[in-house]
**Q** 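After the structure tokens below, expect a handful of questions from me.
These numbers come from the heavy atoms of this one structure, side chains and all, not from hydrogens, waters or symmetry mates.
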Amino acid sequence: MTNTTTPPAQDTLARHTDGSADILRLGNSFCDAQALLTAVELNLFGSLAAGPASEEELRERLGLHGRGLRDFLRLLVALGLLETEGERYRNTEAGSRHLVPGGTGYIGDFLGGAKHFLYPVWGGLGNAVRTGKPQAGGDFEVMLNNPEMIAPYVRMMDGLMQVLGAKVIEAAGFAGQRTVVDAGGGRGNLASQLAKAHPGLEITVFDREQIEPFFDEYRAEIGSPGSVRFQAGNFFRDQIPAADVVVLGHILHDWSPEERRQIVENAYRAVNPGGVLVVFDRMLPDDYGHVENLVASLNMRLVTPGGSEYSIAELTELGEAAGFRRGKVVALDSNETLVELHKAAEK
């Protein structure tokens with residue numbers, strides 16, 4: 001019997017609007033988001049890592065004018081992102097864990113990427129719905145060849161994997177395998193975490209050639225194990241390297257249903273007999289209750305020509321058409337779902 005962990009019910013995530021004040025508050029939620037993104041951009045949380053500071057100390061440290069700073073800091077307190085100690089401000093426990101650069105749980109790079117890539121395009125949601133066209137300035141190929149765009153993009157993906165990697169490693173069947181390919185693995189964040197958790201694995205990051213310098217930079221930065229290597233390639237032009245486990249993490253949502261089919265078929269050819277394809281993403285439920293993943297799906301529609309999130313059923317259909325059988329389904333957290341697709345062993 002298939003080992004299946006059903007993702008938790010998402011109805012508690014639904015927003016409730018009981019009156020005009022609630023609707024107005026929802027309409028102004030972009031202000032809260034910009035407050036957080038700006039604090040990350042200013043490295044406010046990093047500046048408080050050593051301990052509490054007064055408004056004037058923060059103004060000097062961050063090189064700010066001062067007008068509006070008190071309201072800004074008080075808003076961050078009201079949002080639960082800062083705490084006060086007399087007249088001084090300090091990080092909350094969550095802020096110290098996730099918003100101070102250098103920490104193992106740091107997600108500031110992802111938030112920085114959200115400010116750079118996602119925040120501007122949401123102003124074009126109406127146009128996207130009217131026309132069906134993405135609102136970002138250029139396609140994936142344009143971004144890959146633009147140094148000012150690719151660096152924050154790569155670090156944005158890294159920031160998410162920093163906290164998600166351990167959950168993926170715990171949930172997926174890497175133990176007892178010999179070879180793993182992280183297809184679209186970027187700088188190698190997940191691959192490096194996996195190498196430390198399972199030192200005997202031979203791990204290949206398969207990604208576009210423009211990503212390789214960032215991979216090399218990351219290895220130098222963290223001393224990534226020698227068992228992790230990079231192979232340049234393109235899902236639609238090149239064969240994914242053969243391995244016992246192929247990982248597609250936050251990849252399929254970038255592409256149209258037809259392109260997803262091509263990638264899954266490529267992965268089927270790459271997975272060794274008896275091996276597994278591991279897919280994780282912010283997959284969509286069958287109901288209307290999951291605000292975060294519906295937002296994530298709209299993100300993809302705003303920044304890609306054909307991308308969106310997809311359901312477990314859609315992924316299963318693609319996998320079975322390619323030759324896989326569905327294995328376990330694991331809720332990594334309230335937003336992320338991991339699905340294993342198994343390839344039959346040779347008879």
**Q** Are R88 and E57 packed together at the side-chain level, in the sense that at least one heavy-atom pair is separated by less than 4.5 angstrom?
**A** yes
**Q** Do F280 and H250 make the cut of ring centroids closer than 6.0 angstrom?
**A** yes
**Q** Have N189 and Q193 got a donor and an acceptor in their side chains that come within less than 3.5 Å?
**A**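 Per modelled atom types, N189 and Q193 side chains form a pair under 3.5 Å.
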**Q** Let's go through E314 and L318 carefully: what are the C-alpha distance in whole Å and the side-chain angles of both, what is the deciding distance for side chain to side chain contact (heavy atoms under 4.5 Å, CB included) to 0.1 Å, and is it a yes or a no?
**A** CA-CA 6 Å; E314 289 174 287; L318 283 176; 5.9 Å; no
**Q** Any side-chain heavy atom of L44 within less than 4.5 Å of one from Y89?
**A**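 L44 vs Y89: side chains apart.
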**Q** Is it true that, when you exclude E60 itself, more than 12 heavy atoms of the residues, nucleotides or ligands shown sit nearer than 6.0 Å to its CD?
**A**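 Buried by this count: over 12 neighbours within 6.0 Å.
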**Q** What I want to find out is whether R260 reaches E317 closely enough, with some N-O distance under 4.0 Å, to be called a salt bridge.
**A** no
**Q** Should we count CD of E209 as having more than 12 external heavy atoms under 6.0 Å?
**A** no
**Q** Let's go through L64 and L58 carefully: what are the C-alpha distance in whole Å and the side-chain angles of both, what is the deciding distance for side chain to side chain contact (heavy atoms under 4.5 Å, CB included) to 0.1 Å, and is it a yes or a no?
**A** CA-CA 8 Å; L64 305 178; L58 288 171; 6.0 Å; no
**Q** Less than 3.5 Å apart, which donor and acceptor atoms pair up between the side chains of residues 294-305 and the rest of the protein, not counting sequence neighbours?
**A**
from, atom 1, to, atom 2, distance (Å)
S297, OG, E309, N, 3.0
N299, OD1, W122, NE1, 2.6
T304, OG1, M300, O, 2.5
T304, OG1, G307, N, 2.8

**Q** I'd like to know if the side chain of Y119 and the backbone of F30 have a donor-acceptor N/O pair within less than 3.5 Å.
**A**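 Yes, Y119 side chain to F30 backbone: donor-acceptor pair under 3.5 Å.
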**Q** Check this for me: E258, atom CD, are more than 12 non-hydrogen atoms of other residues, nucleotides or ligands nearer than 6.0 Å?
**A** yes
**Q** Is the CZ atom of R269 crowded by more than 12 outside heavy atoms at less than 6.0 Å?
**A**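 Check passes, neighbour count above 12.
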**Q** If you look at every heavy atom in V246 and A270, which pair is closest and at what distance?
**A** CG2-CB, 4.0 Å
**Q** Evaluate the salt bridge (charged side-chain N to carboxylate O under 4.0 Å, His left out) criterion for residues E320 and R326: first the C-alpha distance (whole Å), next the side-chain angles of each, then the deciding distance (0.1 Å), finally the verdict.
**A** CA-CA 7 Å; E320 291 177 346; R326 198 181 91 178; over 6 Å; no
**Q** Once rounded to the nearest 0.5 Å, what's the spacing between atom CD of E336 and atom CG of D281?
**A** 7.0 Å
**Q** State plainly whether the residues R261 and E265 are in salt-bridge range, i.e. N to O under 4.0 Å.
**A**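 Yes, charged N to carboxylate O under 4.0 Å.
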**Q** When you measure from the side chain of H290 to the backbone of N293, do you find a donor-acceptor pair of N or O atoms at a distance under 3.5 Å?
**A** yes
**Q** Decide yes or no on side chain to side chain contact (heavy atoms under 4.5 Å, CB included) for D333 and L164, but give the supporting numbers first.
**A** CA-CA 9 Å; D333 57 28; L164 196 58; 4.2 Å; yes
